[in-house]
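Because the structure is a prediction, the values reported are computed rather than measured. Just follow the structure's listing: the first ligand is 1, and inside any ligand the first atom is 1.
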Amino acid sequence: MKAMVLDKICKLEENRNPLKLVDWPMTSPRENEILVKISACGVCHTELDEIEGRTPPPRLPIILGHQVVGRVEKVGGKVRKFRVGERVGIAWIYSACGKCQFCLEGNENLCDQFEATGRDAHGGYAQYISVPEDFAYEIPRTFSDLEAAPLLCAGAIGYRSLKLTGIQDGENLGLIGFGASAHLVIQLARHQYPHSRVFVHARTERERDFARELGAFWAGDLAEDLSEKLPAAIDTTPAWRPVVEGLKNLERGGRLVINAIRKEEADKESLLKLDYPRHLWLEKEIKSVANVTRADVREFLQIAAEIPIKPEVQEFRLEEANKALVELKERKTRGAKVLRIG
Ligand SMILES: [Zn+2]
Ligand SMILES: [Zn+2]
């Protein structure tokens with residue numbers, strides 16, 4: 001099968017083609033697994049963190065990609081949930097132990113044996129993937145394959161982030177960064193909290209226009225002062241300055257949720273601008289989001305279909321994965337990037 005493979009950690013500035021197109025041995029499903037013929041795979045910022053070594057795959061070479069949509073091609077002997085031909089999605093959570101305290105409490109995203117699709121196990125930048133049946137999801141009919149792909153990470157983790165803000169209807173919500181995840185979160189927030197105003201901080205005018213189209217009450221630059229304080233905000237950027245600025249805009253007792261698996265080092269000195277009375281005093285909180293649970297993915301897919309959320313998708317061929325990643329790094333983004341595979 002064809003696959004785009006990472007065989008060496010590198011910086012994208014120095015190597016704009018980190019993934020190589022190879023003829024990869026066909027996988028075959030174990031008894032509890034399904035083999036999926038992939039039709040679409042979303043491109044996520046986490047792939048940049050893997051390629052550049054901020055969350056390095058434990059083994060190389062590896063096939064990246066964790067927003068996978070396809071059809072069941074073959075099932076293992078003990079598979080009960082899926083049949084050949086059914087459409088499924090696969091998300092960042094590839095497996096967890098199922099036995100530890102975290103797993104038993106429904107926090108399998110925090111399991112120390114958590115395995116990620118496209119990092120600890122081969123992912124979706126390929127024609128086929130095998131996955132345990134318990135870690136695959138039925139996809140609502142409302143969505144095409146390409147539309148469904150970004151729901152599986154950008155959407156599901158965005159949903160988890162929004163839950164973690166603890167926001168109530170009518171309370172202001174801030175979104176810092178407006179890429180693949182935030183453009184889905186705004187649609188979700190407008191539906192779940194119809195009386196809340198959404199304030200979007202984005203770097204480019206294009207992203208701000210997009211945010212306004214999707215119902216942002218305000219969209220502008222981080223440096224601008226807001227007319228109102230925010231009880232909750234979600235930061236989806238890879239940088240540090242937005243954390244400090246985001247805290248400044250919080251209401252007393254407000255919460256800043258950081259939806260990023262890793263932050264980059266480039267502007268880390270921004271943290272020295274953290275002024276305790278201005279940024280943290282009065283019971284402001286910072287919380288990170290780690291991974292997703294299967295329940296997050298299932299709940300989100302269902303809500304997304306009810307609304308329905310419309311992901312904006314920019315399409316690339318599998319062979320163009322490097323191009324998609326470079327554009328993501330350079331923030332040439334509107335909506336979500338997805339590889340069409342077939
Ligand atoms: Zn992701
Ligand atoms: Zn566990």
N/O/S from H45 sitting under 2.8 Å away from the Zn ion (ligand 1): no
SB check D275 K248 (cutoff 4.0 Å): no
Angular separation of SG (C97) and SG (C111) seen from the Zn ion (ligand 2), to 10°: 110°
Test: E171 and K229 ion pair at under 4.0 Å: no
F316 six-ring face occupied by R340 cation (under 6.0 Å, within 45°): no
Shared hydrophobic cluster for V244 and L280 (ILVMFWY, side-chain gaps under 4.5 Å): yes
Opening angle at the Zn ion (ligand 1) [SG, C44; NE2, H66; to 10 degrees]: 110°
